[in-house]
Amino acid sequence: MFEKEYDVIVVGGGHAGSEAAAAAANMGSKTLLVTMNLQNIAQMSCNPAMGGIAKGQIVREIDAMGGYSGIVSDRTAIQFKMLNKSKGPAMWSPRVQSDRMRFAEEWRLRLEQTPNLDFYQEMVSGLLVKNNNIIGIKTSLGNEIQGKSVILTNGTFLNGLIHIGEKHFGGGRAGEKASTGITEDLVKLGFESGRMKTGTPPRVDGRSLDFSKMEDQPGDEKPDKFSFSNLTSPLKKQRLCYMTYTSNLVHDLLREGFDRSPMFNGRIKSIGPRYCPSIEDKINRFAEKERHQLFIEPEGWNTVEFYVNGFSTSLPEDVQFKALRSVVGFENVKFFRPGYAIEYDYFPPTQLKHTLETKLVEGLYFAGQINGTTGYEEAASQGLMAGINAHLKVHEKEPFILKRSEAYIGVLIDDLITKGTEEPYRMFTSRAEYRTLLRQDNADFRLTPKSFKIGLAKKDRLQRMEEKQVKSDAFVQYFKETSFTPETINPILRDKESAEVLQGDKLFKVFSRPNITMEDMRRIPEVEAYMQTRELDNEILEQVEIQVKYSGYIDKEKNNADKLNRLEGIKIPDTFDYALLKSLSYEAREKLNKIRPATISQASRISGVSPNDISVMLVYMGR
């Protein structure tokens, strides 16, 4: 039934598994994707959306490297928003509302059209390991499939347990059974495991809601898109979302069910996501707040199913229903299904290398919620990197690792393997020290050349990026070299209530003012003429405006990143004996021995390793 031996076997068909399988297959590895239900590939188990704060940057990074998440998101979007537009460009984050059914369909079709990729529907119940090397997988029907590498992307399915009030039952998500056997095999091999929790809100019938009582939440007037490629285009029409609020009455009704809540009666012992708490957690922790926002999001273009964002809960379904009927606009609500919580196994990610390969078993990779992360985007990026590195290892090539100064994906993976996580990890812009460099608009400049070099991003991607870069650099140079006269510029400055000038200077200087935009500069005939003759699109114009206005910040951050990268260049041998360094603190020695950092820079980010400990190591290494 199967190939004699696959290069890469991917276990799980969620966001991480889909990107992992696509990356390995597109790079030339003979790949097998094994999942429990082929109808649910890339299922949006929670909210019908991609992107958001920092997550949007990750989707653009995946796209810049030749992953599929950006293209699929664009092709199945029903609304687009650029979040944080009132702040600086380092904070701008794209987000789309997605058509849930079309999203999964688009992913399935793209994967089926990917060469080198086979599919098989069955539960993987164990791993085949010989001399600490992975050699394949076992399935629930007793099949053994040989593989040179295996990527586990099990999501919430490993011994998954669903909670609704006092009821609980095994499951990986609503309507699907849990996966068993893999955790037990990993623990026998010496892996440390733990439990985490996440949750989801009720899905409701839009025909039973009164949207006239809610606030409209439209998309952007001029929507953008995720993919840097020309395979997608911005939305021409969009669907509305809506906003309403809970109230003290709603909170009181929810509290009536606290004695039957698995969160409060001790049935759920694991930790849930800090930044996406359940509604019962919110009204308990923030008791002084009289109301909480609820965003009502359509699940697609034509469906009447709606997602109640902000009302994640595991309270009994009768309590959920009674409380939600007291929300403005929900007086006659009908449920499609109640909200629930789910507990599942994860493996602390300090057990991984930067490539996402496990330290204990060679050729075995973990990606997604198995590493303690939360969110489609975080999972997809890990899948992409695991797929790339599994392919490279099988073909005896150098690993592909992104630094913290190169990508949010680099920050995510470094945080996980260096610091670990005891609660579901979510990416934020604040986690990146160099977020001015890691903007959503320049992900292609940062990553497409690197991905092309390893064989994932295609030639047309690179050429498109290079053309954009040449045109952007040339336009920035034009502003630096072209002068203006007071007569030309002062009418524009007066209109913007900006200080007028007494003498001429370079356009770059006046364009650098915070309140002067590209639209203002286009009022200068020479600037408009330059743009028209060179056919500059909005993507290039945005890039140029950012480069002009934030050049000082960008240069400063580049210098800081260069200093960090000098420490990244100081490698620590795999077999380094920290016991030799008697001057290290006991805590540092313990942490360094456990995590085994690859570089001095990584060692410096480990909690409990002080600057003094780093100095000791630098002296020992002759630095």
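Keep in mind the model is a prediction, meaning the values are calculated, not measured.
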Does Lys496, at its NZ atom, have more than 12 non-hydrogen atoms belonging to other residues, nucleotides or ligands within less than 6.0 Å? yes

Strictly under 6.0 Å, is that where the ring centroids of Phe295 and Phe306 end up? no

Ignoring hydrogens, what is the shortest heavy-atom contact between Glu19 and Gly67? Give both atom names and the distance. OE1-CA, 3.5 Å

Where do Thr76 and Val72 come nearest, in terms of heavy atoms and distance? OG1-O, 2.7 Å

For Phe511, give me all partners under ring pair (Phe, Tyr, Trp, His ring centres under 6.0 Å), at least two apart in sequence or on another chain. Phe479

Applying side-chain hydrogen bond (donor to acceptor under 3.5 Å, both in side chains) to Lys225 and Thr232, what does each step give before you reach the verdict? CA-CA 8 Å; Lys225 64 191 188 88; Thr232 66; 3.1 Å; yes

So, using side-chain hydrogen bond (donor to acceptor under 3.5 Å, both in side chains) as the criterion, who are the partners of Glu568 when residues are at least two apart? Thr599, Ser601, Arg605

CA sep, side-chain torsions, deciding dist, call: Tyr478, Tyr530, ring-ring contact (aromatic ring centres under 6.0 Å, His included): CA-CA 9 Å; Tyr478 171 84; Tyr530 180 97; 4.4 Å; yes

Arg203: which residues meet the salt bridge (Lys or Arg N to Asp or Glu O under 4.0 Å) condition with it, sequence neighbours left out? Glu299

For the residue pair Tyr307 and Thr200, what are the closest heavy atoms and their distance? CE1-OG1, 4.1 Å

Is a side-chain N or O of Gln463 found less than 3.5 angstrom from the main chain of Arg461, in a donor-acceptor match? no

Is the shortest distance from a Lys or Arg side-chain nitrogen in Glu61 or Lys55 to a carboxylate oxygen in the other one below 4.0 Å? no

Shortest non-hydrogen pair, Leu402 vs Ala407, comes out as CD1-CB, 3.9 Å

Salt-bridge test for Asp220 and Lys222: reply yes if a basic N is under 4.0 Å from a carboxylate O, no otherwise. no

